Structures are given as C-alpha cells and as structure tokens.
Amino acid sequence: DEPMAFEVLPDGSAFIIERKGALKRYDAATQTTDVVATIPVNTKYTSTQGRVSEAEEGLMGLSLDPKFEQNHYLYLYYAHPTEKKHLLTRWEFRDNKIQNEKVMLEVETQREVCCHTGGGMVWD
C-alpha cells in the first residue's frame, strides 16, 4: 500500500516502508514479507475552512546506518500523527522488531494546504 522506499541488506533481504506507516521486512531466505512495525503517522490535511483531504505526508523516508550490520540502526522520517511536524528518528532493529526510538531532528510543517512532501535520505 503506497511503498515509498526500500533498503536491501547484503543477504538480499530488504526493509520496505509504506506511506500509511507500515515498515515491512522481506526475508530473502524464506521469500516472505512481514510487517515489522506500524508507525503512527499523519496522512491528512485540514483546511482553515475545516475541509479534510488526503495529504502526501506519512512515513516518507528510510535509511539503514552504514554500520547497520554492527549497530542495527535504521532511520525513519515521518509525519508526527498529531503535531504539525516531521520527525527524523533512529531505531534499533533487534529480534525482528524496532525499538528504542531516538528523535534526531524535528521539522515544523503546516497541514492546511496541499501538497508535495518527501523525506528521502542518503549517507555522505
């Protein structure tokens, strides 16, 4: 449902994010895909007149730490579910789940007027 980004691991497995908040993991060995987590995200705009419409916000970015194999860190960029801001957060992936969220960056935003939103990440 609206995949936004993916990251492939050395063994061919992959993490996939979907705009509405799903973080999935494809297991190359079993060729199965499971939902690892569902991140609560905002996906709506509400105009000053009270009209609600679908937004392009949600879970927008995914990046694995360059040392993922050692530290198990992955980074997610998403629209906070209730506050008008986007978050860049770091998580640990252990035992097939994410845990220990750490907010790295907060970006204020508006949610009244549409449109284009993104959050791709790369390492330098």
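Computed from a prediction, not measured in an experiment: that's the story for all the values here.
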Measuring from Glu7:CD to Arg25:CZ, what's the distance to the nearest 0.5 Å? 13.5 Å

Kindly state each residue pair satisfying salt bridge (Lys or Arg N to Asp or Glu O under 4.0 Å) with at least one member in residues 66-76, sequence neighbours excluded. none

Lys85: side-chain contact (heavy atoms from CB on, under 4.5 Å) partners, not counting sequence neighbours: His80, Glu83, Leu87, Glu106

Arg90: which residues meet the side-chain hydrogen bond (donor to acceptor under 3.5 Å, both in side chains) condition with it, sequence neighbours left out? none

Using the rule that Ile, Leu, Val, Met, Phe, Trp and Tyr join whenever any side-chain heavy atoms are under 4.5 Å apart, tell me whether Leu9 and Leu62 fall into a single cluster. yes

Check: Ser47 side chain, Arg51 main-chain N or O, donor-acceptor pair, under 3.5 Å: yes

Salt bridge between Glu54 and Lys20, side-chain N to carboxylate O under 4.0 Å? no

Partners of Glu108 by side-chain contact (heavy atoms from CB on, under 4.5 Å), sequence neighbours excluded? none

Transitively linked via ILVMFWY side-chain contacts under 4.5 Å: Trp91 with Leu23? yes

Glu92: partners by side-chain hydrogen bond (donor to acceptor under 3.5 Å, both in side chains), with sequence neighbours left out: Arg94, Asn100

Run the numbers on Gln110 and Lys84 for side chain to side chain contact (heavy atoms under 4.5 Å, CB included), then give the verdict. CA-CA 6 Å; Gln110 60 82 32; Lys84 294 178 183 179; 5.7 Å; no

When rounded to the nearest 0.5 Å, the distance separating OG of Ser53 from CD of Glu112 is 10.5 Å

Side chains of residues 31-42: which donor-acceptor partners sit under 3.5 Å, not counting sequence neighbours?
| unit_1 | atom_1 | unit_2 | atom_2 | d |
| --- | --- | --- | --- | --- |
| Thr32 | OG1 | Thr30 | OG1 | 2.7 |
| Asn42 | ND2 | Lys44 | O | 2.9 |
| Asn42 | ND2 | Glu57 | OE1 | 2.6 |

side-chain hydrogen bond (donor to acceptor under 3.5 Å, both in side chains) with Asp95: which residues, sequence neighbours excluded? none

Residues two or more places apart in sequence or in another chain: which of them pass salt bridge (Lys or Arg N to Asp or Glu O under 4.0 Å) with Glu56? none

So, do Leu76 and Ile17 sit near enough that their side-chain heavy atoms are less than 4.5 Å apart? yes

Measuring from Leu59:CG to Ile16:CD1, what's the distance to the nearest 0.5 Å? 12.0 Å

Given the rule that I, L, V, M, F, W and Y join up when any side-chain heavy atoms are under 4.5 Å apart, are Tyr78 and Leu74 in one cluster? yes

Which pairs count as salt bridge (Lys or Arg N to Asp or Glu O under 4.0 Å) when at least one residue sits in residues 113-124, sequence neighbours excluded? none

CD1 on Ile98 to NE2 on His72, rounded to 0.5 Å: 15.0 Å

Starting at CZ of Arg19, measure out to OG1 of Thr117 and round the result to the nearest 0.5 Å. 9.0 Å

Any pair with a residue in residues 92-120 that passes ring-ring contact (aromatic ring centres under 6.0 Å, His included), sequence neighbours left out, goes on the list, sorted by first then second residue, please. Phe15-Phe93

Remaining members of hydrophobic cluster (4.5 Å side-chain criterion), Tyr73: Met60, Tyr75, Tyr77, Leu88, Met104, Leu105, Val107, Met121, Trp123

Go through the structure and list residues passing side-chain hydrogen bond (donor to acceptor under 3.5 Å, both in side chains) with Asp11, not counting sequence neighbours. Ser13

